Amino acid sequence: MEKCLKCQDNEWPNQERTKCCEKQVEFLSYAGDFLTLVFIISSVILFITAAVILGTFISFQDTPVVKANNHSLSFILLVSIKLSFLSVFLFLGRPVVITCMLRQISFGITFCIAVSCVLAKTLTVYIAFKATKPGSPWRRWMDIKVANWLVFICSSIQCLISVIWLVTSPPYVENILSEPGKIIIQCNEGSAIAFYIVLSYMGLLASVSFIVAFLARTLPDSFNEAKYITFSMLLFCSVWITMIPAYLSTKGKYMVAVEIFAIISSSCGLLFCIFLPKCYIILFKPEINTKQYLLGKCNL
């Protein structure tokens, strides 16, 4: 009578059932995975694009188009967008404890800083035109420090949520044996509630930015980027609302791929909708990028 041996958890028998073979391990591998290659190329190209735009804004920081709406916020926004593209690399490769802990936290904080900057820029546009009326009470809110403090406070709340998440129920690596012959290695969020609080807070900031930008979209065009912010926030919210059911209905590397796609596409929305129109004026319409032109348009 032949003696049967039980295969280990990471093994399964061959077709002849004569020996144990290692199960296939599934994750977004750097070696031979087409999805990983696409994400790497996209992230690197978009990171370089954001760096070029940041360099352009720094080179022309004294021009009216850059200075019109708090250029320091524009710099912070561009840096946070660059970091969001880099955060994609935390989602690639074999999951380990440190990447599992950092991936959701890093993208949550960088996106929160970006959306906070967008909110601050939108409020700056709205308040700037409300304060043009004589005796307007909005004048006391025109200080640049108000916008900077808004970004700091909104970002600090997200950082606090992230710290509580890491302390109470940090993400960890889990092996799922859900399919014959395959082990799915992925990160477990640790606390699904904390994960959705991070997303909900980010969605709240984006929704407020969208509403304020929508209200300010009809203000004079010369200084007004509210219509571009409106479209970028509409795209941002649409991507993440669509991402949640897709994220919940997939597993393994495809679940990670859905989140990476949401990060890249929403970051692209912020980058191109807000900054490309200004770059076009800076590089190809320098006659518009003058104080005299802007003041003339504003007086119409």
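Just so it is clear, the model here is predicted, and its values are computed rather than measured. All values below were derived from every heavy atom in this structure, side-chain atoms included, with hydrogens, water molecules and symmetry-related copies excluded.
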Worksheet item: Between Thr49 and Phe272, does a side-chain contact (heavy atoms from CB on, under 4.5 Å) hold up when you go through it step by step?
Response: CA-CA 10 Å; Thr49 303; Phe272 295 132; 4.0 Å; yes
Worksheet item: Heavy atoms, side chains only, cut-off 4.5 Å: are Val66 and Asp62 in contact?
Response: no
Fill in: Step-by-step side-chain contact (heavy atoms from CB on, under 4.5 Å) determination, Lys278 to Tyr228
CA-CA 10 Å; Lys278 286 192 171 186; Tyr228 304 116; over 6 Å; no
Item to complete: Could you tell me whether the side chain of Leu90 reaches within less than 4.5 Å of the side chain of Phe107, counting heavy atoms only?
Response: no
Discussion item. Once rounded to the nearest 0.5 Å, what's the spacing between atom OG of Ser267 and atom CG of Leu46?
Written reply: 8.5 Å
Discussion item. Is it the case that the ring center of Phe236 lies less than 6.0 angstrom away from the ring center of Phe210?
Written reply: no
Worksheet item: So, do Phe275 and Phe57 have ring centers that fall under 6.0 Å from each other?
Response: yes
Worksheet item: If two hydrophobic side chains count as joined below 4.5 Å and joins carry through other members, does Val44 share a cluster with Leu86?
Response: yes
Worksheet item: Where the side chain of Ser43 meets the backbone of Ile40, is there a donor-acceptor pair that is under 3.5 Å apart?
Response: no
Fill in: Atom of Val256, atom of Arg103 and distance for their closest heavy-atom approach
CG2-NH1, 4.1 Å
Practice prompt. Please report the closest heavy-atom contact between Gly108 and Gln158, naming both atoms and the distance.
Written response: O-NE2, 3.4 Å
Fill in: Ring centre gap for Phe47 and Phe89 strictly below 6.0 Å
no
Worksheet item: Looking at CD1 of Ile81 and CD1 of Ile53, how far apart are the two atoms once the value is rounded to the nearest 0.5 Å?
Response: 8.0 Å
Worksheet item: Checking side-chain contact (heavy atoms from CB on, under 4.5 Å) for the pair Phe111/Ser266: CA distance, chi angles, key distance, verdict?
Response: CA-CA 9 Å; Phe111 265 72; Ser266 53; 3.1 Å; yes
Worksheet item: Below 4.5 Å, heavy atoms only, C-beta onward: do Ile105 and Val163 meet side chain to side chain?
Response: no
Discussion item. Would you compute the distance between atom CG of Leu77 and atom NE2 of His71 and round it to the nearest 0.5 angstrom?
Written reply: 14.0 Å
Practice prompt. Check the pair Leu205 / Ser116 against side-chain contact (heavy atoms from CB on, under 4.5 Å), numbers first and verdict last.
Written response: CA-CA 7 Å; Leu205 294 179; Ser116 299; 3.7 Å; yes
Discussion item. Looking at every non-hydrogen atom in both residues, tell me the closest pair between Leu235 and Ser265 and how far apart they are.
Written reply: CD2-O, 4.5 Å
Practice prompt. Ignoring hydrogens and angles, state whether a donor on the side chain of Thr110 or Lys82 is under 3.5 Å from an acceptor on the partner side chain.
Written response: no
Fill in: ring pair (Phe, Tyr, Trp, His ring centres under 6.0 Å) partner of Tyr247, chosen from Phe261, Phe195, Trp240
Phe195
Item to complete: Check Met202 against Cys112 and note the closest heavy-atom contact, atom names and distance.
Response: SD-N, 4.4 Å
Worksheet item: OH of Tyr196: more than 12 outside heavy atoms within 6.0 angstrom?
Response: yes
Practice prompt. State whether the number of non-hydrogen atoms from other residues, nucleotides or ligands found under 6.0 Å of Tyr201 atom OH is greater than 12.
Written response: yes
Discussion item. Less than 4.5 Å apart, side chain to side chain, heavy atoms only: is that true for Ile260 and Leu28?
Written reply: yes
Discussion item. Is there a path of hydrophobic side-chain contacts, each under 4.5 Å between heavy atoms, that joins Tyr254 and Phe39?
Written reply: yes
Worksheet item: Hey, any chance Val88 and Val38 share a hydrophobic cluster, counting ILVMFWY side chains that come within less than 4.5 Å of each other, even indirectly?
Response: no
Item to complete: Give a yes or no on whether Ile153 and Val198 share a hydrophobic cluster (residues Ile, Leu, Val, Met, Phe, Trp, Tyr; joining criterion: side-chain heavy atoms under 4.5 Å apart).
Response: yes
Fill in: Sub-4.5 Å side-chain heavy-atom contact between Leu54 and Phe75
yes
Fill in: Minimum-distance pair of heavy atoms, taken over all atoms of Ser29 and Thr36
O-OG1, 2.8 Å
Worksheet item: Which heavy atom in Ile263 sits nearest to a heavy atom in Ser84, and how many Å separate them?
Response: CG2-O, 3.7 Å
Worksheet entry | Leu276 CG: over 12 foreign heavy atoms closer than 6.0 Å | yes
Fill in: Atom pair CD/OG of Gln104 and Ser162 - distance to nearest 0.5 Å
10.0 Å
Practice prompt. Any chance you could measure Ile185, atom CD1, to Glu174, atom CD, to the nearest 0.5 Å?
Written response: 11.0 Å
Discussion item. Counting C-beta onward and ignoring hydrogens, is there a side-chain heavy-atom pair between Ser209 and Thr230 closer than 4.5 Å?
Written reply: no
Worksheet item: Is the gap between the SG atoms of Cys100 and Cys187 under 2.5 Å?
Response: yes
Worksheet item: Are side-chain N/O atoms of Trp165 and Ser191 paired as donor and acceptor at under 3.5 Å?
Response: no
Worksheet item: In terms of the angle between their ring planes, are Phe284 and Tyr280 parallel, tilted or perpendicular, with boundaries placed at 30° and 60°?
Response: tilted
Discussion item. With a 4.5 Å cut-off on side-chain heavy-atom distances among I, L, V, M, F, W and Y, is there a chain of contacts connecting Phe231 to Leu119?
Written reply: no
Worksheet entry | Value rounded to 0.5 Å, distance of CG in Leu150 from OG in Ser155 | 8.5 Å
